[in-house]
Amino acid sequence: MMKADWSNRRVWITGASSGIGKALALELSREGARIVVSGRNAERLAEVSKACAGEVWVLPFDAADRKATCEAAREVDHAWGGMDTVVLNAGICEYIDLPAFDATSVQRVMDVNFMGIVYGIEAILPLLRKGHLPHLVGMSSTVAYTGLPRAEAYGASKAAIRYLLQALRIDLLAEKIDVSIICPGFVQTPLTDLNDFPMPMRISAEESAKRIRKGLERRAHEIRYPTCFALILRTLAVLPSRLRTRLLATMSPNWQRAR
Ligand SMILES: NC(=O)c1ccc[n+]([C@@H]2O[C@H](COP(=O)([O-])OP(=O)(O)OC[C@H]3O[C@@H](n4cnc5c(N)ncnc54)[C@H](OP(=O)(O)O)[C@@H]3O)[C@@H](O)[C@H]2O)c1
């Protein structure tokens with residue numbers, strides 16, 4: 001897709017009230033896209049809308065709520081008659097702290113990150129079928145490439161998203177609906193501001209939005225960045241399992257406590 005093609009393109013971004021989603025809304029609105037911004041916090045969405053250059057529709061809903069997602073999609077369908085690009089980006093992160101293993105934490109993360117995308121696909125696919133050069137985009141992470149310490153919940157949700165979208169890409173080929181998966185490394189946002197560990201190669205949300213826009217324009221199957229960070233994780237993933245496990249164990253607080 002040429003750069004100019006964002007003009008009047010209908011784009012729906014979830015998780016647009018802060019961080020990567022907000023930066024992407026600003027980036028695409030500058031390019032002339034018409035944007036629906038979603039998240040739960042209506043006030044922050046209104047601020048994003050004010051900061052955007054062009055037409056923006058604030059549509060708050062809880063991504064983990066199937067009914068609310070369907071209602072939001074019905075509203076958009078009624079007003080805009082379809083959707084061209086959907087970026088299912090809403091997400092949360094919780095780390096697991098062993099020796100306690102808390103299933104409710106895993107449930108919360110899966111409900112928002114994975115089921116949120118599942119509900120989004122169910123609700124918005126009919127709109128994409130009426131769209132121009134339709135493009136379905138989901139937010140995974142480089143964490144999906146291999147198991148990482150404390151990421152049992154978050155990483156599992158992102159790996160599940162990656163698989164879901166890889167499979168859907170095959171099934172949607174016949175309908176000419178492109179599917180892109182976003183796999184960032186560390187990006188500076190309110191989500192990573194809470195992290196209490198070093199975050200190598202962390203980039204800004206603005207830089208992240210530029211990388212996503214360029215990837216979307218290429219219709220890349222997987223938009224991964226920073227390149228070097230993604231390469232390190234992909235290399236770790238193909239190491240012999242015993243070697244990878246020993247290397248990564250040094251980063252695990254449970255390992256450090258036991259020594
Ligand atoms: N930052 C990174 O390093 C990084 C790396 C890889 C992947 N990611 C992924 O990128 C996405 C955006 O994260 P971010 O870093 O930009 O974090 P963020 O600033 O915390 O943004 C998360 C967004 O998700 C929305 N959200 C959370 N729970 C929701 C729910 N139940 N319903 C609807 N919206 C919800 C939030 O909006 P409300 O609070 O208004 O609901 C917010 O707009 C996430 O999927 C994250 O996993 C981030």
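Order of listing sets the numbers, starting from 1, for every ligand and every atom in it.
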- Message: Using a 4.0 Å cut-off on heavy atoms, what residues surround ligand 1? Order them by chain and number.
- Response: Gly15, Ala16, Ser17, Ser18, Gly19, Ile20, Gly39, Arg40, Asn41, Arg44, Phe61, Asp62, Ala63, Asn89, Ala90, Gly91, Ile92, Val112, Met139, Ser140, Ser141, Tyr154, Lys158, Pro184, Gly185, Phe186, Val187, Thr189, Pro190, Leu191, Thr192

- Query: ring-ring contact (aromatic ring centres under 6.0 Å, His included) between Trp57 and Trp12: does it pass, once the steps are laid out?
  - Reply: CA-CA 9 Å; Trp57 179 0; Trp12 193 344; 7.9 Å; no

- What is the minimum heavy-atom distance between Gly82 and Lys130, and which atoms define it? CA-CB, 4.3 Å

- Message: For Arg108, is the CZ atom crowded, meaning more than 12 foreign heavy atoms sit under 6.0 Å from it?
- Response: yes

- Ring centers of Tyr145, Phe229 separated by less than 6.0 Å: no

- Query: Counting distance only, does the side-chain N/O of Arg129 pair as donor-acceptor with the main-chain N or O of Pro134 below 3.5 Å?
  - Reply: no

Side-chain donor-acceptor distances from residues 45-56 under 3.5 Å, at least two apart:
residue	atom	partner	partner atom	Å
Glu55	OE1	Arg34	NE	3.0

